[in-house]
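In the text below, chain A, chain B and the rest are named by the order of the sequence lines, each starting its count at 1. As a basis for the values below, the full set of heavy atoms in this structure was taken, side chains included, without hydrogen atoms, waters or symmetry mates.
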Protein chains: 2
Amino acid sequence: MSNPLSRRLARFAALTAEDHALLEDAGGERVRRVGAREDVFREGDRPRCLYLVLDGWAMRYKSLEDGRRQVLSFALPGDICDQHVLLLSRADHSMSALSATSVAEISATRISEIARASPRLLYALCLSNLVGQASQREWTINLGQRTALERMAHLICELFFRLRAIGLTHGNTCELPVTQATLADATGISAVHVNRTLQELRASNLITLRGKHLTIDDIEGLQSVALFNPGYLHLDEVERATQTARDGEPTTPPLLLAALAADGG
Amino acid sequence: MSNPLSRRLARFAALTAEDHALLEDAGGERVRRVGAREDVFREGDRPRCLYLVLDGWAMRYKSLEDGRRQVLSFALPGDICDQHVLLLSRADHSMSALSATSVAEISATRISEIARASPRLLYALCLSNLVGQASQREWTINLGQRTALERMAHLICELFFRLRAIGLTHGNTCELPVTQATLADATGISAVHVNRTLQELRASNLITLRGKHLTIDDIEGLQSVALFNPGYLHLDEVERATQTARDGEPTTPPLLLAALAADGG
DNA sequence: CGTGTTCTTGAAACTTGTCAAAGTTAGTGG
DNA sequence: CCACTAACTTTGACAAGTTTCAAGAACACG
């Protein structure tokens, strides 16, 4: 019940005891420890399995030929690297650990076993995938439309909300094991300006940031600066999904895949 | 054989005559004509079906409360709006036509029929979906790391390559029914600066752009300015997928959904 | 207790945005 | 088919935001 994948998927569907049991040994399948700054997989690698972050922070990123680098997303405990790695012949981006991290390697066949055994789990996996897409869209907007200050505030909001959803906050504080250089690669602003931007957020009494220790002093103020609306994170999708579990079929039209499972199962 | 969905999916898998037949009437299911600047669906709408662009150009976009707007992607003939609309209770972004456009409305049940009837089609649909995600990642990098000039060049490269793949180019020219204001919303730069940037591309003898008529004068030069690598568009994915069709099961580990279809079918 | 990484600061340069107005094009109705 | 209007493109001058470079301070690790 307490493994990260269970907790994650439980956000998207009301899982039964059997569902949890199914996920339980998936988490233990094969665990790999990755040190800070080490890659989990690299652009161009042949995909072998899905990676599930059990503990620690990771990021997905992609580089330009000349060395410029863009962080695509941060992966927190319970997050699965996106499924493209299984369908395409080569990974088109890399993933690396920001702190000491442990990741579970889940084979494709295991995933499909899980999905076939439980329509709820398939539904939850699809939703988890779609939430990843929604986040990528939000990052697109963040980079395209927001100012440096707004972007930083937005990123901090996202991380704080996500950490809170998985129980990794204490009141209004959390860890932020990310260097300013990495924040720069995530927000598309220079490292120097990240520094100035963080100072501005501090000066506005919105956050306190010392070392890797972040405190949100004024979450509403921060959200308002960031034009942050947590909807895209779908942190409470479970309400609708609960109906799914009850009726056997989702109340909203299912994605092609969810539909498949419902009919074909 | 000649409908846009067929052509699109044929890029991702070697389709049989039956596959094409299946797709044939899907395209005709229900066609809606949308005038320029008109919305196909709007953020907050309840999803009813998938939209397939048959003809004309459309865009997906999302707005900030204060009116700033980010284009998320352009949809050309053969493109499907992404599938999130079916799994989430509310659309989290809008889609609107850039020119007179016709879109087919494909119901969720129809999609799942198609997917269940042919593993190849399911596989192709999944790939189509993943290519959309890869594009979104590329846009993230574009906005985060490239300069205004590089971004414009990159966007033009993407559009030209995509148009060529669907036969909508004539030599090195194509239509570009997009105002500079829209290009601004897509590249995250101001409309005025878009204008200057286009002039710079013209001055470098890379493109000719008069009205809605675009000519690429030096595609290699443009790609090099843009740091453009067409790989993410997966314009030639069919090679691997051909194997799929032959062996009945993909040679690379299938996505959870493709796996489902292969086993459950 | 070094030593390398990360954070911070200042000044100057550069890119991009804003404002405002003029020119051009396209579409509509008389 | 012209005239008129609205939408779109182009221009210049200036302001603002952000980057770059360079150097010093703080911190973290072995």
Side-chain angles (χ1 to χ4, degrees), chain A residues 35-38 57 64 66-70 96-100 142-153 155-156 175-204 207-214 225, chain B residues 35-38 57 59 64 66-71 96-100 142-156 175-203 207-214 225:
Chain A
R37 266 163 279 128
E38 219 177 295
W57 286 49
L64 254 39
D66 64 2
R68 278 177 279 177
R69 203 173 66 144
Q70 176 65 42
S96 81
L98 292 163
S99 56
N142 206 28
L143 293 166
Q145 297 302 320
R146 281 185 256 254
T147 65
L149 187 74
E150 293 166 346
R151 278 185 231 176
M152 268 309 309
L155 177 57
I156 292 173
E175 296 307 304
L176 193 72
V178 179
T179 66
Q180 292 184 1
T182 301
L183 291 175
D185 289 341
T187 51
I189 61 192
S190 68
V192 171
H193 201 58
V194 162
N195 185 284
R196 293 194 240 265
T197 301
L198 287 173
Q199 287 177 51
E200 196 175 338
L201 290 174
R202 282 189 277 235
S204 310
I207 64 168
T208 306
L209 179 58
R210 298 176 60 83
K212 307 288 173 231
H213 209 71
L214 171 70
V225 163
Chain B
R37 267 162 278 128
E38 217 177 295
W57 286 48
M59 65 176 180
L64 256 38
D66 64 2
R68 279 177 278 178
R69 203 172 66 142
Q70 177 64 43
V71 174
S96 83
L98 292 164
S99 56
N142 206 27
L143 293 166
Q145 297 301 320
R146 280 186 256 255
T147 65
L149 188 73
E150 293 167 347
R151 276 184 235 178
M152 269 308 309
H154 193 274
L155 177 57
I156 292 173
E175 297 307 304
L176 192 71
V178 179
T179 66
Q180 292 183 3
T182 301
L183 291 176
D185 289 341
T187 51
I189 62 193
S190 70
V192 171
H193 200 59
V194 162
N195 186 285
R196 293 194 243 264
T197 301
L198 288 173
Q199 287 179 51
E200 196 175 339
L201 289 174
R202 283 189 275 237
I207 65 169
T208 306
L209 179 58
R210 298 175 60 82
K212 307 285 173 233
H213 208 70
L214 171 71
V225 164

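- Within the 4.0 Å cut-off from OP1 or OP2 of dG27(C), not a single side-chain nitrogen or oxygen of Arg37(B) is found.
- Counting to the nearest Å, the C1' atom of dA25(D) and the CD atom of Gln180(A) are 14 Å from each other.
- Relative to the side chain of Thr179(B), the nucleotides dT8(C), dC8(D), dT6(C) differ in distance, and dC8(D) lies closest.
- Put simply, CG on Leu201(A) is 16 Å from C1' on dT8(C), counting in whole angstrom units.
- Atom-to-atom distance recorded for Leu198(B):CG and Thr208(B):OG1 is 12.0 Å, nearest 0.5 angstrom.
- Within 4.0 Å (heavy atoms only), Arg68(B) reaches no atom of the nucleic acid at all.
- Applying the side chain to side chain contact (heavy atoms under 4.5 Å, CB included) test between Thr179(B) and each of Leu176(B), Thr182(B), Leu183(B) identifies Thr182(B) as the sole match.
- Here the P atom of nucleotide dG17(D) and the CD atom of Gln145(A) are 16 Å apart, to the nearest Å.
- Look at CG on Leu183(A): it is 14 Å from P on dT19(D), rounded to the nearest Å.
- Glu38(A) places no side-chain N or O within donor-acceptor distance of the main-chain N or O of Ser96(A), the cut-off being under 3.5 Å.
- Leu143(B) contributes atom CG, which lies 12.5 Å from atom CZ of Arg146(A) (distance to the nearest 0.5 angstrom).
- Remark: C1' of dC8(D) and CG of Leu209(B) are 12 Å apart, rounded to the nearest angstrom.
- The CE atom of Met152(B) sits 14 Å away from the C1' atom of dT9(D) (whole-angstrom rounding).
- Lys212(A) has its NZ atom 8 Å from the P atom of dA28(D), to the nearest Å.
- Enclosure of atom CZ in Arg202(A) by more than 12 non-hydrogen atoms of other residues, nucleotides or ligands within 6.0 angstrom is indicated.
- In terms of heavy atoms, Glu175(B) sits closest to His213(B) at OE2-ND1, 2.9 Å.
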> Reading nucleotides 9-23 of chain C from the 5' end, what letters show protein touch, with B for base, S for backbone sugar-phosphate only, - for no heavy atom under 4.0 Å?
Replying inline: BBB----SBBB----
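- Atom CZ of Arg210(B) is separated from atom C1' of dC8(D) by 15 Å (rounded to the nearest Å).
- The shortest non-hydrogen separation linking Arg68(B) to Thr147(A) is NH1-N, 4.2 Å.
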